[in-house]
Amino acid sequence: MSGAALVVCGFVYGLSFAGLPYQDTTPEMQERWLFHTRMADRIMLTGATALGCGVLWRAVLWITRMLQRPRSDEHRP
């Protein structure tokens, strides 16, 4: 859940601080826009990585639980 929250936060950060690139910018404005765009990208990448790790971890846990569960179709002696 925290990974998904970080992805959303990065998206919102990008919209609010970076937004669309300026037209006919000064070098300072371009640098500020690039900084905020990179920060938004890093936040979203961190969130996507955390989300992917969480999904992978839950899949591994689910598979190991399924493998450890006794099957009902096995014949008991």
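Residue numbers start at 1 and run along the sequence shown.
- Side-chain heavy atoms closer than 4.5 Å link hydrophobic residues (I, L, V, M, F, W, Y) into clusters, and following such links, even through other members, never connects V60 to I63.
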Could you list the donor-acceptor pairs under 3.5 angstrom formed by side chains in residues 8-20, with sequence neighbours left out?
from : atom 1 : to  : atom 2 : distance (Å)
Y13  : OH     : H36 : ND1    : 2.8
S16  : OG     : V12 : O      : 3.0
S16  : OG     : Y13 : O      : 3.4

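- Applying the side chain to side chain donor-acceptor pair (under 3.5 Å) criterion to E31, with sequence neighbours excluded, gives no partner residue.
- Every pair tested for side-chain hydrogen bond (donor to acceptor under 3.5 Å, both in side chains) that includes a residue from residues 55-68 fails, sequence neighbours excluded, so the list is empty.
- Cluster partners of L45 are absent, since no Ile, Leu, Val, Met, Phe, Trp or Tyr has side-chain heavy atoms less than 4.5 Å from it.
- Annotation: side-chain hydrogen bond (donor to acceptor under 3.5 Å, both in side chains) contacts involving residues 37-52, sequence neighbours excluded, are absent.
- Residues that satisfy the side-chain contact (heavy atoms from CB on, under 4.5 Å) test with T25, not counting sequence neighbours, are Y22, M29, Q30.
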